[in-house]
Peer 1: 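Mind looking over this structure? Questions follow.
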2 protein chains.
Amino acid sequence: MSRLTTEERQTMIIDEAIKIIHSGGYEALSIREIAKQVKISEPAIYRHFLNKEDIILGILNRMLEFDKLLNKNIAAAKSAKQKIRQFVLFHFEFLENNPEMTSVLFSEEMYNQSEILKKKLVFIIQKRKQLLKVILDDAKNSGELIDVDNFELMSIILGTIRIIVMEWRLSNFSFQLTDRGKSMLKILDKLILL
Amino acid sequence: MSRLTTEERQTMIIDEAIKIIHSGGYEALSIREIAKQVKISEPAIYRHFLNKEDIILGILNRMLEFDKLLNKNIAAAKSAKQKIRQFVLFHFEFLENNPEMTSVLFSEEMYNQSEILKKKLVFIIQKRKQLLKVILDDAKNSGELIDVDNFELMSIILGTIRIIVMEWRLSNFSFQLTDRGKSMLKILDKLILL
DNA sequence: TTTTTGTTAGTGAGTGTTAACTATTTTATT
DNA sequence: AATAAAATAGTTAACACTCACTAACAAAAA
């Protein structure tokens, strides 16, 4: 067996960790299982991560990469209206292509493990809310959005996205998430866009 | 120590189990910890429940009791409009008075333990959706509701309730949930009621 | 006397993590 | 360019601990 660099192993370890959570929930995520999937010994894991918490932190950093993609995607949209649509649709598109990330998204137990993890999760959520807030403020300024409190609108949009993804999971991914997202977006259009 | 009946012990065990989940997440829910809190030995737990899954099933049945209360509360409302408002508000009122139930609500790992548990959870969610569906259908028939697909409206309402409760949890219950619920309801009123 | 609720002691399996050591790769020196 | 030294990535074996659950027995209540 040839040795790999820490960066390569870290990537493999995070990859497999996400897969394990997807197939067996956070409870199934053990150092033993990761080692088995990555095909190295358990102690070798500790060459690349400080401890289990550090691995979970790595998973959370993967979620930040989604945010980068989301930002790029939205920057390309022209009108504020289009930005809102892209914000919603890109969530569904990304998760449809990366269904294992929904498991990460809903593994609340995982973030409950330590204050560091919880803070990081709150940070990620906060960042996404901030992005949506800027878009909604723009939309309101350009008269494209209904005149109600943006703070509440954010909860409506994010809550609706989240529960649809949850329904998708509970149905064992049995429907096309983007299709469902599109029909949801139509209604949302009617309700909040002018 | 005086002996108690199975019914009394079962109630105590479920009570403590919920408390444990609330303070330490599902991961903290062990037979050992329950026994410690109830102040009986571990094997004594097995006099009153078949196994751990059976205890979780008991917790899920507690959630069904909320549904009974919700049904009563809604039956008292006169107009369909009022029923929608009550459906939303009662969720917030109940959880504000029983914050530990939010932990149960969000312990997804718990229901992932077995197919039986997952099915029971899906059943509970399905039941609550059905209740909301009937209300929305009524509201539409009596011309009190905006004319969009009710299926999508259900996701918007349930998703918004859920994410507000999630925000409440992540803030360590630092704001008044019912107040937040009321201002949310105002916006929802504007958006979907005629 | 029988049933029910409790106890103590113990099972095998799984957990994250560490100590001690080895093999490979990279860097520095001859 | 060849070789010695240092750093890195891996191993096996074991640590102390927690897990859900059970056998065997005791005491209280019906």
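Below, chains carry the letters A, B, ... as their sequence lines are ordered, and counting in each starts from 1.
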Peer 1: Could you list, one pair per line, each protein nitrogen or oxygen that sits under 3.5 Å from a nitrogen or oxygen of nucleotides 18-22 of chain D, together with the distance?
Peer 2:
{"unit_1": "dC19(D)", "atom_1": "OP1", "unit_2": "Ser30(B)", "atom_2": "OG", "d": "3.4"}
{"unit_1": "dA20(D)", "atom_1": "OP1", "unit_2": "Leu29(B)", "atom_2": "O", "d": "3.4"}
{"unit_1": "dA20(D)", "atom_1": "OP1", "unit_2": "Lys52(B)", "atom_2": "NZ", "d": "2.7"}
{"unit_1": "dA20(D)", "atom_1": "OP2", "unit_2": "Ile31(B)", "atom_2": "N", "d": "3.0"}
{"unit_1": "dC21(D)", "atom_1": "OP2", "unit_2": "Tyr46(B)", "atom_2": "OH", "d": "3.0"}
{"unit_1": "dC21(D)", "atom_1": "OP2", "unit_2": "Lys52(B)", "atom_2": "N", "d": "2.9"}
{"unit_1": "dC21(D)", "atom_1": "O5'", "unit_2": "Tyr46(B)", "atom_2": "OH", "d": "3.4"}
{"unit_1": "dC21(D)", "atom_1": "N4", "unit_2": "Glu42(B)", "atom_2": "OE1", "d": "3.3"}

Peer 1: Kindly give the heavy-atom pair with the smallest separation between Ile135(A) and Ala80(A), and that separation in Å.
Peer 2: CG2-O, 4.1 Å

Peer 1: Closer than 4.0 Å, any side-chain N/O of Ser41(B) to the OP1 or OP2 of dT7(C)?
Peer 2: yes

Peer 1: Identify the heavy atoms of Leu60(B) and Lys120(B) that sit nearest to each other, and give their distance.
Peer 2: CD1-CG, 3.7 Å

Peer 1: Can you figure out which of dC21(C), dG6(C), dT25(C) approaches the side chain of Arg47(A) most closely?
Peer 2: dC21(C)

Peer 1: In whole angstrom, what separates Phe49(A)'s CZ from dT17(C)'s P?
Peer 2: 13 Å

Peer 1: Should Arg180(A) and Glu167(A) count as an ion pair when the cut-off is N to O under 4.0 Å?
Peer 2: yes

Peer 1: Does Arg85(B) make a cation-pi contact with Phe90(B) (under 6.0 Å, within 45 degrees of the axis)?
Peer 2: no

Peer 1: Could you check whether Asp67(A) pairs with Lys127(A) (Lys NZ or Arg NE/NH1/NH2 to Asp/Glu carboxylate O, under 4.0 Å)?
Peer 2: no

Peer 1: Would you call Lys19(A) and Glu16(A) a salt bridge, using N to O less than 4.0 angstrom?
Peer 2: yes

Peer 1: Kindly say if His48(B) contacts the phosphate of dG6(C), meaning a side-chain N or O under 4.0 Å from OP1 or OP2.
Peer 2: yes

Peer 1: Output yes when Asp149(B) and Lys186(A) qualify as a salt bridge under the 4.0 Å nitrogen-oxygen rule, no when they do not.
Peer 2: no

Peer 1: Round to a whole Å and report the spacing from CZ of Arg9(A) to P of dT24(C).
Peer 2: 14 Å

Peer 1: Under 4.0 Å from OP1 or OP2 of dT4(C): is there any side-chain N or O of Thr6(B) that close?
Peer 2: no

Peer 1: In whole Å, I'd like the distance from the CD1 atom of Ile40(A) to the C1' atom of dT24(C).
Peer 2: 15 Å

Peer 1: What integer distance in Å separates Glu8(A):CD from dT8(D):P?
Peer 2: 16 Å

Peer 1: Calculate the interatomic distance between Ile34(A) atom CD1 and dG16(C) atom C1'; express it in whole Å.
Peer 2: 11 Å

Peer 1: If I take atom CG in residue Leu4(B) and atom C1' in nucleotide dA27(D), what distance separates them, rounded to the nearest angstrom?
Peer 2: 15 Å

Peer 1: Suppose we call a contact any N or O donor and acceptor under 3.5 Å apart; does that hold for the side chain of Arg3(B) and the base of dA28(D)?
Peer 2: yes

